[in-house]
Amino acid sequence: MARGRILKPAFYARPAELVAEDLLGKYLIRQVDQETIAARITETEAYIGPHDLACHARAGRTSRTAVMFGPGGIWYVYLIYGMYWMLNVVTGEEDYPAAVLFRTVGTWTGPGKLTRAMSIDKSLNGLSATRASGLWIEDRGPKLDTEAVCRTPRIGVDYAGEWKDKLYRYVLQNETEAATSRRKRSGPKKTS
DNA sequence: GCAGTGATCATA
DNA sequence: ATGATCACTGCC
């Protein structure tokens, strides 16, 4: 049963950038038979609409992308490289295709590893993320004061022209990690 | 650095 | 029907 507040459709019926950032620190809950796994969300990516050349919906509505045109708050799950299930949640209003990819939850780094660990596959495609059944997301309290949101370009979208550099990847870090990232980004300091 | 693996999509 | 392309991972 839910130990936190289940995120409602209104949470998802917003632009993907906002949903992607707000999902950080929430919990992804998987229930199969009597077993429940809960994992904190620490890395997401936003695919913001048909004009976003990294978004699957750039080619319009196809059988694969049809669920992206559904209402916010349903799962979009697809197979990549013949091996890995990618978990996304649809965002925005009905008929506007956009989604957020789950890239890291709990201790599983990488979108393919988290779906394998949580037994997530195509059978969840198109189902609701807003009911305590199978797979859903809960708010179990605010982010820690020691945590910060870092934005970077998305992974694996080099083909997307100007869209490959947009800062649509969101990572939840503690302050120490965030400071290290900032230092790396600004380059090594001159010492003499 | 690159192979593995299969659905999806454009082209025909 | 065929061939290219992947929102990845693990091993070299």
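So that the names make sense, note that chain A is the first sequence line, chain B the second, and so on, each numbered from 1. Atom set for the values below is all heavy atoms of this structure, side chains included, hydrogens, waters and symmetry mates excluded. What you are looking at is a predicted structure, and each value in this text was computed from that prediction instead of being measured.
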Looking at the side chain of A:Met83, which of C:dA7, C:dC8, B:dG4 is the nearest nucleotide?
B:dG4
Same apolar cluster (I L V M F W Y, side chains within < 4.5 Å links), A:Leu124/A:Val89
yes
Is there a donor N/O on one and an acceptor N/O on the other, under 3.5 Å, for the side chain of A:Tyr78 and the base of C:dA7?
yes
Rounded to the nearest 0.5 Å, what's the gap from CG on A:Leu135 to CD1 on A:Ile29? Could you check?
9.0 Å
Would you say A:Arg103 reaches C:dC8's phosphate, i.e. side-chain N/O to OP1/OP2 under 4.0 Å?
yes
Can you check whether A:Thr115 has a side-chain N or O nearer than 4.0 Å to OP1 or OP2 of C:dC8?
no
Whole angstrom is fine here: how far is it from CG in A:Leu53 over to P in C:dT5?
17 Å
For a quick test of reading the model: is some side-chain N or O of A:Lys113 closer than 4.0 Å to OP1 or OP2 of C:dG10?
yes
I want to check one thing: is the phosphate of C:dG10, taken as OP1 and OP2, less than 4.0 Å away from some side-chain N or O of A:Arg116?
yes
Counting N and O atoms only, with roles assigned by atom type, does the side chain of A:Asn88 sit under 3.5 Å from a partner on the main chain of A:Tyr76, one being a donor and the other an acceptor?
yes
Pick the closest DNA chain B nucleotide for A:Thr62 and for A:Ile80 by heavy atoms, then say which residue is nearer the 5' end.
A:Ile80
Round to a whole Å and report the spacing from CG of A:Asp121 to C1' of B:dG6.
15 Å
Atom CZ of A:Arg154 and atom C1' of C:dC8: how far apart are they, to the nearest Å?
17 Å
Figure out the CG/P separation between A:Leu79 and B:dC9, and round it to whole Å.
13 Å
Using OP1 and OP2 only, check whether a side-chain N or O of A:Tyr84 sits under 4.0 Å from C:dA7.
no
Only pairs with both distances under 3.5 Å count, Watson-Crick or wobble alike; so what is the partner of B:dT5 in this structure?
none
Distance check needed: C:dC8 P versus A:Trp85 CH2, whole Å only.
15 Å
Send over the distance from A:Arg58 CZ to C:dT5 P, rounded to a whole Å.
13 Å
Taking only the side-chain heavy atoms of A:Met86 (C-beta and beyond), determine which of C:dC8, B:dG6, C:dC6 contains the nearest atom.
C:dC8
Distance-only, no hydrogens or angles: does the A:Thr44 side chain make a donor-acceptor pair with backbone N or O of A:Ala20 under 3.5 Å?
yes
Judged by modelled atom types alone, do A:Glu94 and A:Tyr96 share a side-chain donor-acceptor pair under 3.5 Å?
no
Would you kindly give the NE2-to-P distance between A:His56 and B:dC9, to the nearest whole Å?
9 Å
If we require ring centres under 5.5 Å and near-parallel planes under 30°, does A:Tyr47 stack on C:dA7?
yes
Expressed as a whole number of angstroms, how long is the span from A:Tyr159:OH to C:dA7:C1'?
6 Å
